[in-house]
Amino acid sequence: MTETPDVDALRGKVSGLMGQAKKDLAELVSFKSVADPRQFPPEGCAQTAQWVADAFAAAGLTEVGLHETPDGSKAVIGHKPGPPGTPTVLLYCHYDVQPPLDDAAWKTPVWTLTDKDGRWYGRGAADCKGNIVTHLTALRAIGPDFPIGIKVVSEGSEEQGTGGLEKFVVANPDLLAADAILVSDCGNFAVGVPTFTQTLRGMVNVVLTVRTLAGPMHSGMFGGPAPDALAAMIRLLASLRDEHGNTTIDGLTNDQQWSGAQYPVPDFRSDAGVLDGVDLVGSGTVSDMLWSRPALTVLGMDVPAVVGSSAAIQPSTRARLNLRIPPGTEPKQAYDLLEKHLRAHLPWNAHLDIELESLGEPFVAAEHGPARAAMGKAMETAYGRPVTTEGQGGSIPLCNVFADTYPNAEIMLTGVEEPKCLIHAPNESVDPSEIEHMALAEALFLSSYR
């Protein structure tokens, strides 16, 4: 059963709350909540967690607390039971953020929300603090007497991939049990285009160490016959892509096709900031390459910096690799194939160590169900246009944990993180209209889902 909320009244409430939403986001962005004490003091995460807990309590949740997870991070969990016989919806978000990367590349202050050209800039403005604000705005619009049961979980280590909340859910299944789960860590195909994320790629992260010499040697005296570890690593990494840019790991399928909406090439070039004249890579469509095929990325390498480097042959080097895998590919199988490929293509009998850092399962969301129907109608009403679907190249391992732990729950992936947000990169931003539209859609959904 569904009820029809007063759309105009809710739209007006959400619009009137956008000033508070901006204030909230400014406070959230000011917290340096990078969940890595090697880079930022842990107080930043602690302050953010407490702020989030206090904000959801003020928005109407009656049971709000901080729960330590196995990786040491704190998850904010809140709950307000609904009237008897009504369902419960779990709202997910995370409060930790990526590090700024290159401060000099930012055109606005990293930790200060800045209104520029109609967008709000700052680290975490979209991923995922913009989604926290969206939840808060929706709850304020319909509360404090919610028509259904509401649970909220905001985790504190999602960007580190250390699995704290995943392990916590398995150990405490009753705490977050719900009939529908709204995972707000995704976004629309473009600003103003309401979109469900239908698939997520899984991942395999490894760290490689190549060793060839006992120590650095003078390139003039020994260069030529002496095996250069850096050159060996370059040759090894080059074997993971062909001349067209396709990921080529021996035995791993790389010709799958995406059957849903296509990502136009001009839009992708603009969204990705591809420089004029530079080719896109791969033999498939943009959608094929993004959502249906494996993709290998070199995340980092330990090599001498140009400034300060000397005329020396490198004895060892390290590289961190990220392999994204589409639905239908098992992470362990992909890792085994990657390891076998690397050992087979290692030049000069160099020594190779492979450290498995993490595995993540691909995910496919259900397309049908009462919650999906209600949320789809709510998004269509909020945006004034039909809803579409897309895949996402990123990974959210928690979705698979939710699916395994709550097999009867409908899991939906939405959010404010459209392509222009530049999440994980310098100059991250959010379009405030996305917060407003998604907050209205969420408010309509929570008011109509029965």
Side-chain angles (χ1 to χ4, degrees), residues 34-40 71 98-105 159-163 203-252 254 278 281 294-325 331-360 395 424-426:
V34 178
D36 185 351
R38 298 170 300 178
Q39 302 182 67
F40 286 87
D71 67 4
Q98 285 282 335
L101 300 180
D102 181 3
D103 285 17
E159 298 293 7
Q160 292 303 310
T162 46
M203 66 177 181
V204 177
N205 275 12
V206 297
V207 176
L208 313 181
T209 303
V210 172
R211 297 183 177 89
T212 55
L213 301 169
M217 304 303 292
H218 191 284
S219 62
M221 296 179 66
F222 295 94
D228 182 335
L230 182 52
M233 178 69 83
I234 290 170
R235 287 179 62 89
L236 182 59
L237 297 180
S239 74
L240 296 167
R241 286 183 181 265
D242 66 15
E243 68 274 19
H244 303 294
N246 296 295
T247 293
T248 50
I249 296 170
D250 297 342
L252 189 63
N254 68 349
V278 176
V281 299
L296 191 289
T297 301
V298 180
L299 298 181
M301 287 184 67
D302 291 339
V303 299
V306 171
V307 177
S309 59
S310 62
I313 303 167
Q314 296 305 306
S316 66
T317 186
R318 297 200 309 161
R320 185 175 182 229
L321 309 185
N322 170 243
L323 174 63
R324 300 285 177 166
I325 53 175
K332 181 60 167 61
Q333 177 197 26
Y335 168 72
D336 290 342
L337 291 172
L338 175 61
E339 180 186 26
K340 184 177 180 181
H341 175 104
L342 291 168
R343 297 197 183 283
H345 290 265
L346 180 69
W348 315 325
N349 289 315
H351 294 182
L352 174 65
D353 294 324
I354 303 175
E355 174 192 348
L356 175 59
E357 197 174 54
S358 59
L359 296 176
S395 306
H424 294 202

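We count residues from 1, following the sequence as given.
For H244 (side chain) and N246 (main-chain N/O), no donor-acceptor pair under 3.5 Å exists by modelled atom type.
The shortest distance between side-chain heavy atoms of Y335 and I354 falls below 4.5 Å. A 4.5 Å side-chain heavy-atom check between M301 and L230 finds at least one atom pair inside the cut-off. R241 places a side-chain heavy atom less than 4.5 Å from the side chain of V281. V298 places a side-chain heavy atom less than 4.5 Å from the side chain of L321. A heavy-atom distance below 4.5 Å is not found between the side chains of S239 and T248. Side-chain contact between L296 and L237 is absent, with no heavy-atom pair separated by less than 4.5 Å. When side chains are defined from C-beta on, D250 counts as touching H345, because their heavy atoms get closer than 4.5 Å. Contact of the V207 side chain with the R318 side chain is registered, since non-hydrogen atoms from C-beta on lie closer than 4.5 Å.
Taken from CE in M203 to CD in E357, the straight-line distance is 8.5 Å, to the nearest 0.5 Å. For the atom pair D36 CG and E159 CD, the distance stands at 12.0 Å (nearest 0.5 Å). Atom OG1 of T212 and atom CG of N349 lie 12.0 Å apart (nearest 0.5 Å). Here L323 contributes atom CG and L240 contributes atom CG; the two are 9.0 Å apart, rounded to the nearest 0.5 Å. Once rounded to the nearest 0.5 Å, the distance linking CE of M233 with CG of L208 reads 5.0 Å. Note that CG of L252 is 8.5 Å distant from OG1 of T247, once rounded to the nearest 0.5 Å.
Between V204 and A334, the shortest heavy-atom distance links the atoms CG2-CB, 4.1 Å. Contact between A425 and L101 at its shortest, heavy atoms only, is CA-CD1, 4.2 Å. Contact record, A229 with T317: O-CG2, 3.6 Å, taken as the closest heavy-atom pair. Between I313 and S219, the shortest heavy-atom contact is CG1-CA, 3.9 Å. Summarising the geometry of L342 relative to L236, their closest heavy-atom pair is O-CD1, 3.3 Å, with the distance given to 0.1 Å. In terms of heavy-atom proximity, S309 sits nearest to P304 at CB-CB, 4.3 Å.
Residues R320 and N322 bring no donor and acceptor atom of their side chains to less than 3.5 Å of each other.
More than 12 heavy atoms of other residues, nucleotides or ligands sit less than 6.0 Å from atom CG of D103.
Using a 4.0 Å cut-off between a side-chain N of Lys or Arg and a carboxylate O of Asp or Glu, D336 and K340 do not qualify as a salt bridge.
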Report task. Under the side chain to side chain contact (heavy atoms under 4.5 Å, CB included) rule, what do R211 and D353 come out as? Steps first, then yes or no, please. Result -> CA-CA 9 Å; R211 297 183 177 89; D353 294 324; 2.4 Å; yes
